[in-house]
Asker: 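Once you've had a glance at the structure underneath, I'll fire off some questions.
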Amino acid sequence: MAMVGRPRGVDDAVILRATTQVMGQVGPAGLTLAAVAREVGLVPATLVQRFGSKHGLLLALADQAEKDMSELVERARRSHDSALGALAALMVQSMAAMSTPESYANHLAFLCMDLGDPQLYERARAIHRTQQRTIAHLLTEAVDTGELRTDSNPAALARTVQAVIAGSGLNWALEREGGLEQRLRQELAAVLAPHLPPRTPPDMEES
């Protein structure tokens with residue numbers, strides 16, 4: 001009878017979520033396999049066996065982040081009747097790990113590190129493009145359903161929305177006024193306002 005392999009104990013997805021949490025707490029300098037192992041109750045050697053190194057762990061996290069984007073979209077779309085409502089939810093959920101200015105700063109530091117690492121950069125760019133396509137798709141749906149004006153350009157507007165996501169987070173981290181979710185929703189509403197169809201005055205609706 002063949003021997004059954006030893007159970008993995010802690011799923012990779014749990015380890016990767018813990019990695020995201022530790023990244024927000026300690027930044028690039030403090031992220032070690034030992035720190036992540038402590039977060040999930042494992043020994044560092046287990047992470048070495050699974051990911052090879054800290055760099056391997058970061059590559060696995062980046063690969064998972066691109067896959068998670070599709071799941072975030074599906075979750076947002078299921079919970080909102082409108083495409084614009086789903087877009088707002090997607091923006092908020094994609095920034096959920098950055099709930100404090102300090103965690104935002106730490107995650108931003110990792111992005112800066114990604115830009116200088118060819119392997120991480122390719123994955124960061126893939127995530128960026130996936131997010132852009134997703135936003136454009138939701139904006140196209142909003143045009144088709146009448147949430148946005150028919151002369152709106154979803155592709156161009158998607159790039160603007162991406163800039164709003166990044167810029168809103170940075171401004172919020174610098175100004176430290178209110179919460180990030182509130183800031184994201186306010187800025188999204190502002191950038192979409194010129195593209196909303198004109199509302200019929202109440203007296204005309206009754207006629």
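Just so it is clear, the values below take in all heavy atoms, side chains as well, and ignore hydrogens, waters and symmetry mates. As the structure is a computational prediction, the values presented were derived from the model and not from experiment.
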Asker: Would you compute the distance between atom CG of Leu16 and atom CG of Asp68 and round it to the nearest 0.5 angstrom?
Answerer: 8.5 Å

Asker: Ignoring hydrogens and angles, tell me if any N or O in the side chain of Gln162 forms a donor-acceptor pair with the backbone of His128 under 3.5 Å.
Answerer: yes

Asker: Could you walk me through whether Thr32 and Val26 satisfy the side-chain contact (heavy atoms from CB on, under 4.5 Å) test, starting with their C-alpha distance in whole Å, then the side-chain angles of each, then the deciding distance to 0.1 Å, before giving a yes or no?
Answerer: CA-CA 10 Å; Thr32 62; Val26 301; over 6 Å; no

Asker: Please test Glu141 against Arg77 for side-chain contact (heavy atoms from CB on, under 4.5 Å), starting from the C-alpha separation and ending with a verdict.
Answerer: CA-CA 11 Å; Glu141 183 180 342; Arg77 202 65 195 89; 2.3 Å; yes

Asker: After noting the C-alpha distance and the side-chain angles of Leu58 and Gln119, does the key distance pass the side-chain contact (heavy atoms from CB on, under 4.5 Å) rule?
Answerer: CA-CA 10 Å; Leu58 291 175; Gln119 289 180 299; over 6 Å; no

Asker: So do Leu90 and Val73 actually touch side chain to side chain, heavy atoms under 4.5 Å?
Answerer: yes

Asker: Measure across Leu84 and Ala142 and return the closest heavy-atom pair with its distance rounded to 0.1 Å.
Answerer: CD2-CB, 3.7 Å

Asker: Can a donor-acceptor pair be found, under 3.5 Å and without considering hydrogens, that links the side chain of Glu147 to the backbone of Ser82?
Answerer: no

Asker: Is the closest side-chain heavy-atom distance between Arg123 and Leu61 below 4.5 Å?
Answerer: no

Asker: Roughly how far apart are Leu192 CG and Ser152 OG, rounded to 0.5 Å?
Answerer: 8.5 Å

Asker: If I compare all heavy atoms of Leu47 with all of Ala37, which pair ends up nearest, and what's the gap?
Answerer: CD1-N, 3.7 Å

Asker: For residues Leu111 and Met98: do they belong to one hydrophobic cluster (side chain heavy atoms under 4.5 Å, members Ile, Leu, Val, Met, Phe, Trp, Tyr)?
Answerer: yes

Asker: Any chance NE2 of His80 has more than 12 other-residue heavy atoms, nucleotides or ligands included, within less than 6.0 Å?
Answerer: yes

Asker: Any chain of hydrophobic side-chain contacts (each under 4.5 Å) joining Leu31 to Tyr104?
Answerer: no

Asker: With a 4.0 Å cut-off, would you call Glu71 and Arg75 a salt bridge?
Answerer: yes

Asker: Determine the minimum heavy-atom distance between Pro197 and Gly146, stating which atoms define it.
Answerer: CG-O, 3.3 Å

Asker: Determine whether Ile15 and Val22 fall in the same hydrophobic cluster, where Ile, Leu, Val, Met, Phe, Trp and Tyr are linked whenever their side-chain heavy atoms lie under 4.5 Å apart.
Answerer: yes

Asker: If you compare all heavy atoms of Ala76 against all heavy atoms of Ala86, which two are closest, and at what distance to 0.1 Å?
Answerer: CB-O, 3.6 Å

Asker: Within the side chain of Arg50, is there an N or O that forms a donor-acceptor pair under 3.5 Å with the backbone of Thr46?
Answerer: no

Asker: Look up atom CD in Glu187 and atom CD in Gln182, then write down how far apart they are to the nearest 0.5 Å.
Answerer: 10.5 Å

Asker: Tell me yes or no: between the side chains of Arg133 and Thr130, is some donor less than 3.5 Å from an acceptor?
Answerer: yes

Asker: Please determine whether a side-chain nitrogen of the Lys or Arg among Arg125 and Glu122 lies less than 4.0 Å from a carboxylate oxygen of the Asp or Glu.
Answerer: yes

Asker: Establish whether Leu174 and Leu184 are linked, either directly or via other cluster members, by ILVMFWY side-chain heavy-atom contacts under 4.5 Å.
Answerer: yes

Asker: Report yes if some heavy atom in the side chain of Thr100 is under 4.5 Å from a heavy atom in the side chain of Leu180; otherwise report no.
Answerer: no

Asker: So, does Arg38 use its side chain to make a donor-acceptor pair with the main chain of Gly41 at under 3.5 Å?
Answerer: no

Asker: Check whether Trp172 reaches the backbone of Gly178 with its side chain - one donor and one acceptor, N or O, closer than 3.5 Å.
Answerer: yes

Asker: With hydrophobic residues grouped by side-chain heavy-atom distances under 4.5 Å, do Met113 and Tyr121 end up in a single group?
Answerer: no

Asker: Compare every heavy atom of Leu188 with every heavy atom of Val164, then report the nearest pair and how far apart it is.
Answerer: CG1-N, 4.2 Å

Asker: Could you tell me whether the side chain of Leu139 reaches within less than 4.5 Å of the side chain of His195, counting heavy atoms only?
Answerer: no

Asker: Can you check whether Thr19 reaches Val40 side chain to side chain, under 4.5 Å on heavy atoms?
Answerer: no

Asker: Checking the side chain of Arg149 only, and the main-chain atoms of Pro194 only, is there a donor and an acceptor separated by less than 3.5 Å?
Answerer: yes

Asker: Does a side-chain N-to-carboxylate-O contact under 4.0 Å join Arg176 and Glu102?
Answerer: yes

Asker: Between atom CE of Met69 and atom CD of Gln93, what is the distance when rounded to the nearest 0.5 Å?
Answerer: 10.0 Å

Asker: Does the side chain of Leu148 come within less than 4.5 Å of Leu157's, by heavy atoms?
Answerer: yes

Asker: Look up atom OG1 in Thr134 and atom CG in Leu87, then write down how far apart they are to the nearest 0.5 Å.
Answerer: 10.0 Å

Asker: If you take all heavy atoms of Pro154 and Val143, which pair is closest and at what distance?
Answerer: CG-CG2, 4.2 Å

Asker: For Ile165, is there any backbone N or O sitting under 3.5 Å from a side-chain donor or acceptor partner on Ser168?
Answerer: no

Asker: I'd like to check Arg183 versus Met95 (side-chain heavy atoms, cut-off strictly below 4.5 Å). Are they in contact?
Answerer: no

Asker: Mark yes when over 12 heavy atoms from residues, nucleotides or ligands other than Asp81 sit less than 6.0 Å from its CG; otherwise mark no.
Answerer: no

